[in-house]
Amino acid sequence: MINYYLTCRSLTYAQRSSKALDAARISNSVTRTPSGMSREGCGYAVKIRAGTLTEALRTLRLAQLLPKKAFAVYEDGHTEEVPI
Amino acid sequence: MIYLDSAATTFQKPVSVLKNVDWAMKNLGSPGRGGHRYAMMAADTAFACREKAAKLFNVKNPENVVFTFNATHGLNIAINSLVKPGMRVVTTGYEHNSVVRPLKAIGAVIDPAASELFEPEAAVSAFKQKLDKKTDVVVFNHVSNVFGYELPLYRVAELCRQKKIPLIVDASQSAGVLKIDMAALSASFIAMPGHKGLYGPQGSGILLCGSDTIPIMHGGSGSDSLSPQMPSFLPDRLEAGTHNMPGIAGLSAGLDFVAANGTERILAHEKKLITLAADGLSNIRRVKVFASSDALSQTGVLSLNIEGLPAERAGALLAKEQIAVRAGLHCAPMAHNTAGTLPDGTVRVSVSAFNSTRDIYALINAVKRIAKK
């Protein structure tokens with residue numbers, strides 16, 4: 001099972017993104033950005049499930065709410081940046 | 001005691017506001033300071049409040065709704081962001097010290113487009129004359145905190161738009177009672193308190209941002225923590241330090257109250273009370289009432305004076321009669337200078353959605369007794 005983390009510039013931005021995903025019925029949650037995914041220090045991300053990344057990015061692009069970066073987190077804990 | 005000092009703070013709050021403040025004290029952490037339940041509940045509460053404010057004031061992006069501690073805080077941010085030393089700033093003739101003092105502190109040249117009380121056409125003419133290529137910024141008091149005079153904001157905003165002059169709006173007395181449309185106004189900033197017409201607790205306020213900003217407070221924002229500078233993005237850029245979560249939770253309920261009742265209905269109620277007060281008080285010997293002849297350009301605030309009695313003394317006597325009003329200069333000497341009520345000022349009566357005609361009759365009877373002495 002892969003989870004994706006869409007890192008955001010701020011908590012409020014993450015909340016707006018979450019709401020846009022809610023409206024598109026894409027299951028998500030706002031969470032702290034896991035370590036290693038941000039070079040700026042503290043931050044927030046929107047976590048989505050496997051299989052929803054493409055639709056989530058399309059939704060966020062339409063809402064002009066693209067994340068800073070997207071990361072895949074694999075079952076073994078391995079993290080990998082995904083091109084947006 | 002009958003409370004008629006809502007232009008300072010609405011004392012009676014909706015029960016939902018009190019409940020939300022209590023709930024926040026028991027359940028909320030700090031937004032942006034963690035991923036645990038208490039922090040995330042605080043984050044949800046803050047975001048919901050931003051969204052409600054964005055909807056009520058027609059702000060497209062809730063990130064442009066910044067929490068402040070009062071309107072003065074917001075005005076300081078707005079003025080600090082746009083005004084530099086020596087700039088010429090045109091204002092109304094009815095500004096509060098929350099505008100005058102920050103402008104003076106920066107070293108701006110204040111050039112009031114002063115006009116007579118309750119004469120909106122004259123106000124528009126004064127601005128038409130004043131606004132030129134040498135005008136750097138306009139700061140506009142939507143409603144005088146002394147007289148309840150509604151100044152012609154939308155018409156002056158249109159003048160500013162035509163001349164491409166940035167506009168800062170002080171909505172201290174209008175938020176919650178008059179239509180404030182950020183998009184229609186194209187304002188650079190609109191500052192408002194949470195604790196007056198929005199029925200939130202003291203220590204809450206909102207700044208609507210439509211322009212680049214310069215922070216006046218620097219510190220933790222819960223974002224971009226490795227940077228020694230404040231973040232470049234709103235709202236974090238202007239919200240250094242821990243949020244007033246009980247205030248924001250209460251304000252959120254206050255915004256619900258205003259949205260549920262409607263600003264038009266609240267305004268109509270307040271106008272009815274002020275018209276009743278003006279009619280009753282103006283029939284009392286020795287009493288001078290400052291009221292709009294047609295009630296169109298006056299909100300829920302009214303000033304009066306009793307001949308031979310200093311305003312402060314009259315206010316104290318009303319307090320003895322169990323009526324809470326404010327007397328003196330109301331932190332707005334410019335307004336008194338424009339209206340000719342310096343140096344003593346006035347006695348100010350101001351109502352809210354929670355006042356009734358009974359309160360106004362009690363005021364009229366108390367003023368009658370005081371004026372007789």
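Proteins get letters first, then strands, A, B, ... in listed order; numbering begins at 1 in each.
- Residue-environment remark: NZ (B:Lys163) stays at or below the threshold of 12 foreign heavy atoms within 6.0 Å.
- The nearest pair of heavy atoms linking A:Thr12 to B:Glu63 is CG2-CG, 3.7 Å.
- When the shell of 6.0 Å around CD of A:Gln64 is examined, it contains 12 or fewer heavy atoms from other residues, nucleotides or ligands.
- By the 6.0 Å contact criterion, NZ on A:Lys68 is enclosed, its count of non-hydrogen atoms from other residues, nucleotides or ligands being greater than 12.
- Within 6.0 Å of CD in B:Glu264 there are 12 or fewer heavy atoms belonging to other residues, nucleotides or ligands.
- Between B:Asn61 and A:Arg16 there is a side-chain heavy-atom pair separated by less than 4.5 Å.
- Of the listed residues B:Ser227, B:Gly222, B:Ser221, B:Pro231, the one with more heavy-atom pairs under 4.5 angstrom with chain A than any other is B:Gly222.
- Within 6.0 Å of atom CZ in B:Arg161, more than 12 heavy atoms from other residues, nucleotides or ligands are found, so the atom counts as buried in its surroundings.
- Highest contact tally toward chain A, considering only B:Pro62, B:Gly34, B:Ala39, B:Pro31, is held by B:Gly34 [criterion: heavy-atom pairs under 4.5 Å].
- From B:Leu226, atom CG reaches atom SG of A:Cys42 across 8.0 Å, with rounding to the nearest 0.5 Å.
- Looking at heavy atoms from C-beta onward, B:Asp44 lies in side-chain contact with A:Gln15 at the 4.5 angstrom threshold.
- Distance check: A:Leu11 CG to B:Asp236 CG gives 7.5 Å after rounding to the nearest 0.5 Å.
- Only the backbone of B:Arg33 has a heavy atom closer than 4.5 Å to any heavy atom of chain A.
- Counting non-hydrogen atoms of other residues, nucleotides and ligands closer than 6.0 Å to CZ of B:Phe69 gives a total above 12.
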